[in-house]
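Predicted model, so just to flag it, every value in this text is computed and none were measured.
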Amino acid sequence: MCQLLGMNSRLPASLTLSFTGFSQRGGGTDHHSDGWGIAFFESDATTPNLPGKGVRYFVDKESAATSSIAKMLRSYPIKSHNVIAHVRKATVGKVMLENCHPFVRELWGRYWVFAHNGDLKGYTPHLHGAFRPVGDTDSEQAFCWLLQELAKSHAGVPSIEELTCTLNELAPQVAKFGTFNFLLSNGEALWAHASTKLHYVLRQPPFTHVHLKDEDVKADLAALNGPEDRLAIVVTEPLTTNEQWTAMVPGQLTVFVEGTVSSCNTLTAPAGATVSA
């Protein structure tokens with residue numbers, strides 16, 4: 001299976017610390033060595049504190065732990081409101097560049113970014129619109145279908161609340177084919193759907209010291225963030241050993257806006273399932 005990493009921030013923030021640990025899971029501390037990718041939504045220079053439409057996008061079929069591009073990103077602080085990253089363990093689709101997540105498409109004049117963890121068995125959606133897969137993964141098919149159905153459901157640009165309601169209806173239709181953990185963003189919000197495993201942590205003042213699980217790196221978040229900063233980190237498995245991570249339950253769809261939980265709905269959680277830290 002693959003692993004996911006996402007960030008949603010109130011102000012433009014760098015993901016270099018989290019990506020440093022996460023990228024090691026791509027062939028270093030874990031076996032997800034069949035490609036990786038990361039996409040940053042960047043703001044316009046004239047309005048740096050507003051979520052931007054532009055996307056800076058990197059994918060590589062090499063492992064994230066050894067990739068020269070990943071090495072550069074571990075030390076190059078790209079400021080963003082929303083970030084989605086992925087390290088791949090190929091199960092459906094060959095190891096090639098066009099199968100590397102995240103995937104990017106345009107809808108309603110904005111870029112959309114999507115990454116998926118899991119296998120969808122016998123999933124062959126009817127795609128009849130403008131959204132077609134370039135590679136041969138079940139993940140890209142699911143992304144194209146989601147955008148196709150979003151476009152059919154809304155005549156104009158919907159609000160985040162309306163989008164969340166529609167995704168609440170669409171996600172279970174894909175999840176019935178298998179494991180459907182995903183991250184999705186249009187630059188304004190970050191949607192996270194847990195089919196089996198996703199965790200998140202909210203970072204806000206007072207910031208503390210953190211210790212990465214996959215690298216012997218410690219950091220003082222107070223030195224890296226200001227009093228107005230607030231951000232959410234979403235990942236398959238917790239990245240640090242000394243923070244309280246919240247485990248999402250199966251069927252849970254959570255939307256993050258301005259670095260905090262905007263809404264959370266459990267769609268198909270099994271009986272007795274609970275959220276744990």
Near Asn49 CG, under 6.0 Å, is it more than 12 heavy atoms from other residues, nucleotides or ligands?
yes
Near Phe58 CZ, under 6.0 Å, is it more than 12 heavy atoms from other residues, nucleotides or ligands?
yes
With sequence neighbours left out, write down each residue that passes side chain to side chain donor-acceptor pair (under 3.5 Å) with Thr196, or none if nothing qualifies.
Asn181
Of Arg56, Lys79, Lys53, the one forming a side-chain hydrogen bond (donor to acceptor under 3.5 Å, both in side chains) with Glu42 is Arg56
What residues form a ring-ring contact (aromatic ring centres under 6.0 Å, His included) with Phe177, not counting sequence neighbours?
Tyr123
Tell me, which pairs form a salt bridge (charged side-chain N to carboxylate O under 4.0 Å, His left out) where one or both residues lie in residues 235-245, sequence neighbours left out?
Lys197-Glu237, Arg203-Glu243
ring-ring contact (aromatic ring centres under 6.0 Å, His included) partners for His101, two or more places apart
His86, Phe103
Between Tyr200 and Phe256, is the ring pair (Phe, Tyr, Trp, His ring centres under 6.0 Å) condition met? List the steps.
CA-CA 10 Å; Tyr200 70 86; Phe256 300 89; 5.3 Å; yes
Determine whether Asn82 and Asn8 make a side-chain contact, defined as any pair of heavy atoms from C-beta on separated by less than 4.5 Å.
yes
With sequence neighbours excluded, give me every ring-ring contact (aromatic ring centres under 6.0 Å, His included) pair touching residues 128-174.
Phe114-Phe143, His126-His128
Going by the rule salt bridge (Lys or Arg N to Asp or Glu O under 4.0 Å), which residues pair with Arg132 if we only count those two or more places apart in sequence or in a different chain?
none
Enumerate the residue pairs fulfilling salt bridge (charged side-chain N to carboxylate O under 4.0 Å, His left out) with a member in residues 102-113, sequence neighbours excluded, ordered by first and then second residue.
Arg105-Glu140, Arg110-Glu188
With a 4.5 Å heavy-atom cut-off, do Pro12 and His81 have their side chains touching?
yes
Test side chain to side chain donor-acceptor pair (under 3.5 Å) applied to Glu162 - qualifying residues, sequence neighbours left out
Ser159
Min side-chain heavy-atom separation Asn186-Trp108 under 4.5 Å:
no
Contact list for residues 9-23, test salt bridge (charged side-chain N to carboxylate O under 4.0 Å, His left out), sequence neighbours left out:
Arg10-Glu228
Listed pairs under 3.5 Å, donor-acceptor, residues 69-76 side chains, sequence neighbours left out:
residue : atom : partner : partner atom : Å
Arg74   : NH1  : Ser23   : OG           : 2.9
Arg74   : NH1  : Ala64   : O            : 3.3
Ser75   : OG   : Met72   : O            : 3.2

Do the non-hydrogen side-chain atoms of Leu5 and Leu239 ever get within less than 4.5 Å of each other?
yes
In chain order, what residues pass the side chain to side chain donor-acceptor pair (under 3.5 Å) check against Asp60, with sequence neighbours excluded?
Ser67
Run the side chain to side chain donor-acceptor pair (under 3.5 Å) test against Gln141 and tell me which residues pass, sequence neighbours left out.
none
